[in-house]
Participant: 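Here it is: the structure, laid out below.
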Amino acid sequence: MRYSFLNLVGQALNANRGWQPAWRKPEPKSHYDVVIVGGGGHGLATAFYLAKEHGISNIAVLEKGYLGSGNVGRNTTLIRSNYLLPGNIPFYELSMKLWEGLEQDLNYNAMVSQRGILNLCHSDGQRNAYARRGNAMRLHGVDAELLDREEVRRMIPFADFDHARFPITGGLLQKRGGTVRHDAVAWGFARAADKLGVDIIENCEVTGIRMDQGYAKGVETKRGFIGANKIGLATAGNTSRTAAFAGLRLPIESHVIQAFVSEGLKPLIDGVVTYGAGHFYVSQSDKGGLVFGGDIDGYNSYAARGNLPVVEDVAEGALALFPNLARLRMLRSWGGVIDMSMDGSPIIDKTPIEGLYLNGAWNYGGFKATPASGWCFAHLIATETPHKTAAAYRLDRFNRGAVIDEKGSGAQPNLH
Amino acid sequence: MRITCPYCGDRDVREFHYRGAEGFNRPDPEAAGGEQTFLDYVYLRENAAGVIDEHWVHVSGCRSWLVVTRDTRTHHIENVRFANGDRQQGS
């Protein structure tokens, strides 16, 4: 069923009795050309682009829970491509371009909203760093504008511009950045991939990888063995665990990051704003709640829940920037498990094991990368060569000293 | 999360700084095969989901380095001891 306005009107007149499930619930077959482990945004996008761009449709996506139950439904929904380093900018810009056409590609309303992302600066040095980053972006054809204090004041007049310690001195604006409805990304990719023949198998946790003389032959699951010519891991958060099935040790630690939603407000913040002097960023959802987050907790964790110090740290950042939020109440908070890599950048590469491909280490920024991650991972699996925009995301870059460290903090994941 | 420092007693996690779970012993990069073992030490991680030993320092307290035995799935702390094993509890 193709979604359209006419379709919507027809269903409304028919008391909405004719809607079909958006994807099938197939039984797993005994063998597939490609098995993708992980039915999150990245796994579903990979399956979709494998089918659409490379004509491979005998694919299974194996999800341990229900679809959308992992990080694709637990993030703060931001999209942006405001990176500094040449290894990163073309990849995230590809992702931005794919977001811009995503709803037409998928025939699904993912509520892509390019409401702009504004990074605030609070000192001359920070403003210089943003000028450098903005110039790097523009050299790669990405939009970036350096705003002075008065231009920022026109956008967010209620911020504390004359804060005694951290006055706002300007900002870097990417107008094409914004937000996307995250669940709809999972549902949209699932529906579109299913339509191209991909089997999406929920409640099918992978418990092992069957190996034969250095080749990956298939996966052991809670619903039995499933053979595959090629296996792609897209299990960010748990990448170390799934890669360990094949005996791999990776440059990744799992950490917890928290996010928060406030009670609903009338429209206050129309774009995305990030505080430059602490760990706080915020956007306002269409329901009116402020969606905000901050730094990772900083210790290894698979618990998907964090601790109070970060909650306080984020709240302090919020009030330092927006004193008018002082009486705002928090509605809910949650935590997600993320792969933190040793340089803060992702990995999309083959592994030393034939037939096993790796997509992970998305740090705290996997959501914005979803379409490009799927695009490049599909390209790698289908053609055996890295996509040109993901050519820097190799597994051996640490051995070669070719790390992509945006923050320059070294092999200490809790500092990225 | 609270950590019971063997010297200072039960304290909030804010007083502690996290170093990491692995690489307690720095290998000699000059030894035979040292390049690979040093690469492993700097970059590769077991990253276990379960009970692990990790280094914390009581930076806002007695400044002792501690080995904390903690379950990464639940944050439950099973044991805390001085990283310097020679030091006596409470001395």
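So you know, we letter chains A, B, ... as the sequences are listed, proteins then strands, and number each from 1.
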Participant: Check the surroundings of atom CZ in A:Arg400: do more than 12 heavy atoms from other residues, nucleotides or ligands lie under 6.0 Å from it?
Facilitator: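 Check passes, neighbour count above 12.
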Participant: Could you note down all residue pairs passing side-chain hydrogen bond (donor to acceptor under 3.5 Å, both in side chains) where residues 352-361 of chain A supplies at least one of them, sequence neighbours left out?
Facilitator: A:Tyr357-A:Glu384, A:Asn359-A:Trp362, A:Asn359-A:Ser373
Participant: Do you know which of A:Leu250, A:Asn414, A:Leu248 has the most heavy-atom pairs with chain B at a distance under 4.5 angstrom?
Facilitator: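 Counting heavy-atom pairs under 4.5 Å, the top option is A:Leu250.
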Participant: Who passes salt bridge (charged side-chain N to carboxylate O under 4.0 Å, His left out) against A:Arg305, sequence neighbours left out?
Facilitator: none
Participant: Using side-chain heavy atoms (C-beta onward) and a distance below 4.5 Å, is B:Thr74 in contact with A:Tyr302?
Facilitator: no
Participant: For A:Glu253 and B:Glu22, run side chain to side chain contact (heavy atoms under 4.5 Å, CB included): C-alpha distance rounded to whole Å, both residues' side-chain angles, the deciding distance at 0.1 Å, then the answer.
Facilitator: CA-CA 10 Å; A:Glu253 289 178 5; B:Glu22 293 165 56; 5.8 Å; no
Participant: So, taking the atom named CZ in B:Arg14 and the one named CG in A:Asp313, what distance separates them when rounded to the nearest 0.5 Å?
Facilitator: 10.0 Å
Participant: For A:Phe225, is the CZ atom crowded, meaning more than 12 foreign heavy atoms sit under 6.0 Å from it?
Facilitator: yes
Participant: Using heavy-atom distances under 4.5 Å, tell me whether A:Arg249 contacts chain B through its side chain, its backbone, both, or neither.
Facilitator: both
Participant: Chain A: which of B:Ile52, B:Leu39, B:Asp71 shares the most heavy-atom pairs with it under 4.5 Å?
Facilitator: B:Leu39
Participant: Any residues in residues 43-50 of chain B near chain A, with a heavy-atom distance under 4.5 Å, and which are they?
Facilitator: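 Interface residues of residues 43-50 of chain B: B:Tyr43, B:Leu44, B:Arg45, B:Glu46, B:Asn47, B:Ala48, B:Ala49.
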Participant: Can you tell me which of A:Val403, A:Asn307, A:Val337, A:Asp343 forms the most heavy-atom pairs within a distance under 4.5 Å of chain B?
Facilitator: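 Option with the greatest count: A:Asn307.
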Participant: Determine the interplanar angle of the B:His75 and A:Tyr299 rings, folded into 0 to 90°, and report it as parallel if under 30°, tilted if 30 to 60°, perpendicular if over 60°.
Facilitator: perpendicular
Participant: Taking heavy atoms only and a threshold strictly under 4.5 Å, list by residue number the residues of residues 24-35 of chain B that touch chain A; give 'none' if the list is empty.
Facilitator: none
Participant: Is any side-chain heavy atom of B:Thr72 less than 4.5 Å from a side-chain heavy atom of A:Ser254?
Facilitator: no
